[in-house]
Amino acid sequence: KDLWRAHGERHHLSVARELYARAYEATGSSFAGINAAAMAYAEADAANAAAIARDVMARVAFEDTSDDDESRYWRAATLGEASLIAGEPEAIIAGHYETARRLAGAQYRLMLSSRRQLLMLQDAGLQLPPQLLQILKAPKVAAFLPAPGMGEDEAKRFIAAMLGEHAPELSFSSAARGADLSFIEAMLARKGEVNIVLPFAKHDFIRARIGSDAAAQAQFESALAHAAQVTYATAEPWLEDETLFHFAADMVRGLAAAHAAQLGGTFVLIGKDGAPAANASASGTGALAAGKREIRALLFADIVGYSRMGEEHMRAFSHFLAMVKDALGSAHRQHGFDEPEYVNTWGDAVFAVMGDVSAMTRYAFALRHAIGAASARLEASAGPLDVRIALHCGPVFRLNDALTARENFYGSHVNRAARLEPLARPGQILASEQFIALLENHATRLLPRDAWRATYAGLLELPKGFGRQRVYLLDETKGSA
């Protein structure tokens, strides 16, 4: 279903419908059933969709309701969607969604899923009662970035004024002693949802921004305990590197903007205005001279089908790469993005580094187009070839490689980007949460905000024990190529 939403290809819709239908037949799960009904409606099979929806309604009516509020939310939302597809009266449909809204409380991610499902059905031609989207009203999402040097009393007055003016329901901030923790407490007092971004490993953050005061540490731990989500811009040590604070500030602003976009809500910046605190090239040569890390956009790509090629195809593969290079050059001239500051290949793998996430996104789109076009011109016995691409952004070290006498890029984020690539399917571009956050901050003429679409793909387990990573499917919008 997510692939269909991301790419709009009908065969993905057909596969999703079949899988949900099989799951519903095998398990009787209301989740599988309501999705089977929705997929049937999206395929213009309204009669079958309504029949499945009525069956789901009958099953849900007898399900156990003794679970937590989230489980009861999904029961009410499922009844609402089933009633909608089955053509029940508007008052019944709205009643189910009003119950779901009450059970959701401040868990806006639940309502986001239901809202997306409603909009999908609307796009498929189902007329929604006008009050439904209002019931699942999208929230205001705030990014809190306090001005440097703001005193605690001044911060509290400022926070009270801004929350009174903007009334956000969700927030993203760091959790430093002083203004950040005051903001978090004020949001929680308003029963808002709090999301925290820490720039590096927790024990280093306590040392750098909380201190040894027991009361401050308790306040910090309470903030983390009450947060809906704690995100680490990087989980690595601080190493006295101020670049990581800038990166985290960009993450705060970018994640808030990304969530507002996903929820269909409004983004508001509370605190310092102007350009984001850092971009993918902000650390620049100053960071290099100081021996510190730089924020860089990273691409790993794998050419799918190369391992099937025989010795007799190696000259054809070399020619294939030449066609890809020429096509990338044409895209560079058309869109005006910078060339990567570093590119390396080995066999079927590509590693590229750039100083700007917008330029790297254009490069990734162009690489996918170029490989597709070059594959179509390969001799039949050598192809077809495809590509899977991973994009990540984070702090890296630029160091000299003594073996090659070239500059190279090192660090855990290079490894993380490499581990993300195998999770992509042929033709997909997977982007990390960090990459999407910075991309939200840097809409430019090179890559306007309406030129790309990010679809949340989940919290995925990375290979080789690299932990989990929130990832998105990244794609061009129609007409933006």
Side-chain angles (χ1 to χ4, degrees), residues 7 280 296-393 396 398 401 403-410 414-431 435 446-447 452 463 473-476 480-481:
H7 301 292
R296 285 295 181 268
L298 310 168
L299 175 147
F300 275 87
D302 176 68
I303 298 174
V304 180
Y306 171 82
S307 60
R308 297 193 303 267
M309 301 178 83
E311 292 290 297
E312 69 275 18
H313 298 130
M314 290 301 100
R315 290 185 182 278
F317 183 71
S318 178
H319 180 59
F320 166 84
L321 292 179
M323 290 190 288
V324 170
K325 184 178 185 297
D326 289 345
L328 287 172
S330 297
H332 166 70
R333 291 187 294 274
Q334 177 186 353
H335 295 292
F337 57 80
D338 293 335
E339 298 281 359
E341 57 188 289
Y342 177 85
V343 177
N344 195 11
T345 65
W346 50 96
D348 56 354
V350 180
F351 172 43
V353 180
M354 299 183 79
D356 180 80
V357 288
S358 296
M360 182 61 93
T361 302
R362 277 292 185 200
Y363 182 79
F365 290 159
L367 179 63
R368 182 168 63 180
H369 283 300
I371 287 176
S375 176
R377 296 168 62 185
L378 273 176
E379 58 185 85
S381 63
L385 300 177
D386 206 337
V387 66
R388 50 175 174 250
I389 298 173
L391 297 172
H392 181 54
C393 187
V396 298
R398 183 204 299 256
D401 185 331
L403 294 178
T404 64
R406 292 179 61 196
E407 277 190 340
N408 204 340
F409 291 84
Y410 300 89
V414 176
N415 298 332
R416 180 164 287 266
R419 300 297 171 254
L420 181 58
E421 174 269 309
L423 300 182
R425 295 181 180 179
Q428 282 186 345
I429 300 174
L430 279 186
F435 190 93
L446 171 65
L447 190 75
W452 58 273
L473 279 169
L474 182 61
D475 218 333
E476 296 165 280
S480 66

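Residues take their numbers from the sequence shown, with the count starting at 1.
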Spatial distance of atom [atom1] ([X]) from atom [atom2] ([Y]) [nearest 0.5 Å]:
X	Y	atom1	atom2	value
His335	Ser358	NE2	OG	13.0 Å
Tyr306	Leu385	OH	CG	10.5 Å
His392	Asn415	NE2	CG	10.0 Å
Leu446	Thr361	CG	OG1	8.5 Å
Phe435	Ile429	CZ	CD1	9.0 Å
Met360	Asp338	CE	CG	11.0 Å

Under 4.5 Å between any side-chain heavy atoms of [X] and [Y], yes or no?
X	Y	value
Ile303	Ile371	yes
Met354	Tyr363	yes
Leu430	Leu473	yes
Asn408	Tyr342	yes
Glu407	Asp401	no
Val357	Leu391	no

Check against salt bridge (charged side-chain N to carboxylate O under 4.0 Å, His left out), Glu341 and Arg398: CA-CA 11 Å; Glu341 57 188 289; Arg398 183 204 299 256; 3.0 Å; yes
For Asp386, what residues pass the salt bridge (charged side-chain N to carboxylate O under 4.0 Å, His left out) criterion, not counting sequence neighbours?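 Asp386 satisfies salt bridge (charged side-chain N to carboxylate O under 4.0 Å, His left out) with no other residue.
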If every non-hydrogen atom of [X] is compared with every non-hydrogen atom of [Y], which pair is closest and at what distance?
X	Y	result
Pro340	Val343	CB-CG2, 3.5 Å
Ala366	Ala331	CB-CB, 3.5 Å
Val350	Thr345	CG2-CG2, 4.2 Å
Phe320	Ser375	CE1-N, 3.6 Å
Ile389	Ala424	O-CB, 3.9 Å
Arg368	Leu474	NH1-O, 4.4 Å

Is it the case that over 12 heavy atoms from other parts of the model lie below 6.0 angstrom from the NE2 atom of His319? no
Do Phe351 and Phe409 have their ring centres less than 6.0 Å from each other? no
Criterion side-chain contact (heavy atoms from CB on, under 4.5 Å) on Leu298 and Arg296, from CA distance to verdict: CA-CA 6 Å; Leu298 310 168; Arg296 285 295 181 268; 4.2 Å; yes
Assess, by modelled atom type and distance only, whether the side chains of Arg315 and Ser318 contain a donor and an acceptor separated by less than 3.5 Å. no
Check the pair Phe365 / Leu367 against side-chain contact (heavy atoms from CB on, under 4.5 Å), numbers first and verdict last. CA-CA 6 Å; Phe365 290 159; Leu367 179 63; over 6 Å; no
Partner residues of Arg406 under the side-chain hydrogen bond (donor to acceptor under 3.5 Å, both in side chains) criterion, sequence neighbours left out: none
Should Met314 and Met309 be marked as a side-chain contact (heavy atoms from CB on, under 4.5 Å) after you check the CA-CA gap, both sets of side-chain angles, and the distance that decides it? CA-CA 8 Å; Met314 290 301 100; Met309 301 178 83; 3.9 Å; yes
